[in-house]
Amino acid sequence: MGSSSNSNDDFSVFVLASDLGIDARPFLTRPEEDTWYDCPDHDDDHQDFAHLDSLQFFQLQSGSDKSGRRIFRIVGKYFPAPVISAEQLKKYVFNKICTELPEGPFCIVYMHSTVQTEDNNPGLTILRWIYEELPSDHKDRLQAVYFVHPGLRSRLVLATLGRFFLSGGLYWKIKYVSRLQYLWDDIKKGELEIPEFVQKHDDILEHRPLTDYGIEPDPFHLSQMPPTAYSFGRHDSGWSAREYMS
């Protein structure tokens, strides 16, 4: 009799909807058996991260929130998602956390202002992948994620898919902050560097609050157009009348 396949072989089936913009690579590839993420004392790839450091999308701030937690600032607009692989991003985040973060709890301030999904969003599955690979000590030390300027779409995605694609430990640490003035309830001014475009975006939302709900009251910005002295198609009154001969 022919031998049958080993019934003890493990296998997994993942069903992902094709229209949700979910990056399935972390689910379809088996993680390599290495220990680079265990915060080594010397990182030979440090020079490879110089170009990522210059983008300033992930930085440790000098200040802390009102609970005494050091702040990692993430500026979504600065992250070039199409040109950075998930593996490279993961190694960079681990390098920053393991080499720059002092002992004690920390928090993350993520600025979602003017982020474009195609250009700046790595995807929920990649974010979960990175978080799950963190040493348990670092996951415990991450105590809050301030989500600044989330927008309607981000709120809906996290509300419907967040519990499935983000671990419970990370999901319940997220705090939505629709305006910078609410962020100051948890972080004193001056403890966190705010990019100029984030402040301008906050000012726009303050004057056009419906934008938070995906409603653009003036999509063509007609209210910002300067008034004109003449309307289109107006004839000059100085034109002389033309007489026609019968």
S.K.: Using 0.5 Å steps for rounding, measure from the CD1 atom of Ile204 to the CD atom of Gln199.
M.R.: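 If I round to the nearest 0.5 Å, the distance is 11.0 Å.
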S.K.: Do Tyr78 and Asn120 get their side chains close enough for a donor-acceptor pair, meaning under 3.5 Å?
M.R.: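 There is no such pair between these side chains.
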S.K.: Yes or no on side-chain contact (heavy atoms from CB on, under 4.5 Å) for Trp129 and Glu87, after CA distance, side-chain angles and deciding distance?
M.R.: CA-CA 10 Å; Trp129 182 43; Glu87 186 72 18; 3.3 Å; yes
S.K.: If you define the side chain from C-beta out and look only at heavy atoms, does anything of Glu133 sit under 4.5 Å from Phe94?
M.R.: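 Side chain of Glu133 against side chain of Phe94, heavy atoms only: contact under 4.5 Å found.
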S.K.: Using the side-chain contact (heavy atoms from CB on, under 4.5 Å) rule, take Phe72 and Cys107 through it: C-alpha gap first, then chi angles, then the decisive distance, then the call.
M.R.: CA-CA 6 Å; Phe72 261 117; Cys107 64; over 6 Å; no
S.K.: Between Lys96 and Asp53, is there a side-chain N and carboxylate O pair less than 4.0 Å apart?
M.R.: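 So Lys96 pairs with Asp53 through a salt bridge.
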S.K.: I would like to know whether Lys175 and Asp186 meet salt bridge (charged side-chain N to carboxylate O under 4.0 Å, His left out); could you show each step before the answer?
M.R.: CA-CA 11 Å; Lys175 180 177 181 178; Asp186 297 288; 2.6 Å; yes
S.K.: Can you give me the closest heavy-atom contact between Pro150 and Ser178, atom names plus distance?
M.R.: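 Between these two residues, the closest heavy atoms are CD-CA, 4.2 Å.
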S.K.: Considering only heavy atoms from C-beta outward, does the side chain of Val148 approach that of Asp202 to under 4.5 Å?
M.R.: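 No, their side chains stay 4.5 Å or more apart.
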S.K.: Can you confirm if the aromatic rings of Phe58 and Phe49 lie within a centre distance of less than 6.0 Å?
M.R.: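 No, they do not, as the ring centres are separated by 6.0 Å or more.
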S.K.: Atom NZ in Lys90, atom OH in Tyr131: separation rounded to 0.5 Å?
M.R.: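 Result: 15.0 Å between the selected atoms.
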S.K.: Answer whether the closest heavy-atom distance between the side chains of Leu60 and Pro102 falls below 4.5 Å.
M.R.: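 In contact.
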S.K.: Can you find a heavy atom in the side chain of Glu132 that is under 4.5 Å from one in the side chain of Leu134?
M.R.: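 They are not in contact (no side-chain heavy atoms under 4.5 Å apart), so the answer is no.
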S.K.: Please find out if less than 6.0 Å separates the ring center of Phe57 from that of Tyr92.
M.R.: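 Here the rings of Tyr92 and Phe57 have centres that are less than 6.0 Å from each other.
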S.K.: Are the side chain of Arg141 and the backbone of Gly104 linked by a donor-acceptor contact shorter than 3.5 Å?
M.R.: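 Side chain of Arg141 to backbone of Gly104: a pair is present.
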S.K.: Just by distance, do the side chain of Arg69 and the backbone of Ile108 share a donor-acceptor pair under 3.5 Å?
M.R.: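 Answer holds: no.
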S.K.: Do Lys173 and Gln143 touch side chain to side chain, with heavy atoms closer than 4.5 Å?
M.R.: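 No; the side chains remain at least 4.5 Å from each other.
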S.K.: Ile84 and Phe79: side-chain contact (heavy atoms from CB on, under 4.5 Å), yes or no, with the steps?
M.R.: CA-CA 9 Å; Ile84 298 180; Phe79 177 68; 3.7 Å; yes
S.K.: Linking I/L/V/M/F/W/Y whenever any side-chain heavy atoms sit under 4.5 Å apart, do Val83 and Leu127 land together?
M.R.: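 No, separate clusters.
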S.K.: Going by an N to O cut-off under 4.0 Å, is there a salt bridge joining Asp119 and Lys77?
M.R.: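 Here Asp119 does not pair with Lys77 in a salt bridge, since their nearest N and O are not under 4.0 Å apart.
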S.K.: Kindly check if the number of other-residue, nucleotide or ligand heavy atoms within 6.0 Å of CD (Glu103) is above 12?
M.R.: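 Atom CD in Glu103 is not crowded, with 12 or fewer foreign heavy atoms closer than 6.0 Å.
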S.K.: Just by distance, do the side chain of Arg70 and the backbone of Gln61 share a donor-acceptor pair under 3.5 Å?
M.R.: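 It does hold such a pair.
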S.K.: Could you give me the CA-CA distance, side-chain angles and deciding distance for Phe106 and Leu142, then say whether side-chain contact (heavy atoms from CB on, under 4.5 Å) is met?
M.R.: CA-CA 5 Å; Phe106 71 100; Leu142 174 58; 3.6 Å; yes
S.K.: Can a donor-acceptor pair be found between the side chains of His112 and Ser154 at a distance below 3.5 Å?
M.R.: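 His112 vs Ser154: donor-acceptor pair found between side chains.
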S.K.: Measure the shortest side-chain to side-chain distance between Ile74 and Met111 over non-hydrogen atoms and say whether it is less than 4.5 angstrom.
M.R.: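 Not in contact.
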S.K.: For residues His149 and Ser113, is any side-chain donor paired with an opposing acceptor at under 3.5 Å?
M.R.: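 Short answer, yes.
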S.K.: I'd like to check Gln56 versus Val75 (side-chain heavy atoms, cut-off strictly below 4.5 Å). Are they in contact?
M.R.: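 No. Closest side-chain heavy atoms not under 4.5 Å.
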S.K.: Locate the shortest heavy-atom distance separating Ala81 from Pro122; write the atom from each residue and the value.
M.R.: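 That would be CB-N, 4.3 Å.
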S.K.: To the closest 0.5 Å, what do you measure between CG (Leu183) and NZ (Lys188)?
M.R.: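 With rounding to 0.5 Å, CG (Leu183) is 14.0 Å from NZ (Lys188).
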S.K.: So, the side chain of Arg73 versus the backbone of Glu193: is there a donor-acceptor pair under 3.5 Å, distance only?
M.R.: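 Yes: the side chain of Arg73 pairs with the backbone of Glu193.
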S.K.: Kindly indicate whether the side chain of Tyr146, heavy atoms from C-beta on, has any atom under 4.5 Å from the side chain of Ile174.
M.R.: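 A side-chain contact under 4.5 Å is absent here.
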S.K.: Is it true that a side-chain atom of Asp65 and a backbone atom of Ile187 form a donor plus acceptor pair closer than 3.5 Å?
M.R.: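 No, the answer is negative, given that no donor and acceptor are paired below the 3.5 Å cut-off.
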S.K.: So with a 6.0 Å cut-off around NZ of Lys200, is the heavy-atom count from everything else above 12?
M.R.: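 Open: at most 12 neighbouring heavy atoms sit under 6.0 Å from NZ of Lys200.
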S.K.: Whether Arg155 engages the ring of Tyr176 as a cation-pi pair (distance to the six-membered ring centre under 6.0 angstrom, angle to the ring normal within 45°) should be assessed.
M.R.: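 Checked: cation-pi criterion met.
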S.K.: Keeping Glu191 on the side-chain end and Ser64 on the backbone end, is there a donor-acceptor pair under 3.5 Å?
M.R.: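 Checked: pair present.
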S.K.: Does CZ in Phe197 sit with more than 12 non-hydrogen atoms of other residues, nucleotides or ligands closer than 6.0 Å?
M.R.: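 Counting other residues, nucleotides and ligands, CZ of Phe197 exceeds 12 neighbours.
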